[in-house]
2 protein chains.
Amino acid sequence: MSTNCTLTDDGSPTCYCPLSGVIEVLGRKYTMQIMCVIGAHEPVRFGVVEDHLPTASTSTLSARLEELADHGLVTREQYDEIPPRVEYALTDRGRELCGHLEPLLEWAEERTNRSEV
Amino acid sequence: MSTNCTLTDDGSPTCYCPLSGVIEVLGRKYTMQIMCVIGAHEPVRFGVVEDHLPTASTSTLSARLEELADHGLVTREQYDEIPPRVEYALTDRGRELCGHLEPLLEWAEERTNRSEV
DNA sequence: CCGTATCCCAAATGATACTG
DNA sequence: CAGTATCATTTGGGATACGG
């Protein structure tokens, strides 16, 4: 249930031993990016997300989106029009998460652009 | 090189299309946790990290640690004593990263403890 | 247009044993 | 103690084609 981590001997932050719930999803490929893409462009259609993650396949994107919806991080609004339209947006919790993710990705991006590929 | 993302039409944050560098490593299992464990206990020995991530195998942990070192996020200090001792700590960049990771994991932990497994 | 269903392959993780 | 090497396995992810 909890972290079962009582070793923080120097008063610094606790650690986060268990690997469950949201973290597992976040670890999957493209998940963090998807969250941020939605956060930056919501409401956003499937195709747009796809455009932003050109290297991700349809099925992967679909899977990620579903997982995120299952975890209550994004909403999926379907409009029965012709042509069909579906819009994804963040839930309140998703927005919370995104607030943490954005600075992280920004940081990672900076660091990547220095010397690595 | 860059994000190639110029679609931020509403003035909100940019998005982070490419999946490279640090993010790739962060996506691997246990990476975020390892960073935070080191951050909370540095300098920390291999066995201690292992104790904090009971479900991770030796080889996985070893691989992660090496990747993190390769990316300049952690340092590895080896003392040629008997018994051998190795200590891991964060680099400046690692600490930066950890600063982003901690709130994220904290948030994730809270959320996980609510209803999910 | 927005996906889901399938199949296949590659990568990643786990388990274990053995060495400096 | 701190790993590395190896092997087996699982899982994730890519491609594709078809359905609503």
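The chains referred to below are lettered A, B, ... by the order of the sequence lines, with proteins before strands, and numbering in each begins at 1. For the numbers below, each heavy atom of this structure counts, side chains included, while hydrogens, waters and symmetry mates do not.
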If the cut-off is 4.0 Å, is B:R85 near the phosphate of D:dA2, judged by side-chain N/O to OP1 or OP2? no
If only side-chain N and O atoms of B:T60 are considered, is one of them under 4.0 Å from the OP1 or OP2 phosphate oxygen of C:dT13? no
Between [atom2] of [N] and [atom1] of [X], the distance in whole Å:
X     : N      : atom1 : atom2 : result
B:R64 : C:dT13 : CZ    : P     : 4 Å
A:K29 : D:dG14 : NZ    : C1'   : 9 Å
B:E66 : C:dA12 : CD    : C1'   : 15 Å
A:E81 : D:dG20 : CD    : C1'   : 15 Å
B:R28 : D:dG13 : CZ    : P     : 11 Å
B:Y30 : C:dG14 : OH    : C1'   : 9 Å
A:L61 : C:dG3  : CG    : P     : 10 Å
B:E24 : C:dA10 : CD    : C1'   : 14 Å

Among the nucleotides [options], which one has an atom lying closest to any side-chain atom of [X]?
X     : options              : value
A:S59 : D:dA2, C:dC2, D:dT16 : D:dT16
A:F46 : C:dT13, D:dG3, C:dC2 : C:dC2
A:P84 : D:dA15, D:dG3, C:dC2 : C:dC2
B:R76 : D:dA15, C:dC2, D:dG3 : D:dG3

Show the nearest heavy-atom pair for residues [X] and [Y], with the distance to one decimal.
X      : Y     : result
A:W107 : B:R93 : CZ2-O, 3.4 Å
B:L61  : B:E50 : CD2-CA, 3.5 Å
B:V25  : B:T31 : O-OG1, 2.8 Å

Taking the six-membered ring of A:Y30 as reference, does the cationic atom of A:R64 (NZ for Lys, CZ for Arg) lie under 6.0 Å from its centre and within 45° of its axis? no
Do A:S57 and A:T60 have a side chain donor and acceptor closer than 3.5 Å? yes
Under 4.0 Å, heavy atoms only, any strand: does B:Y88 hit a base, just the sugar-phosphate, or nothing? sugar-phosphate
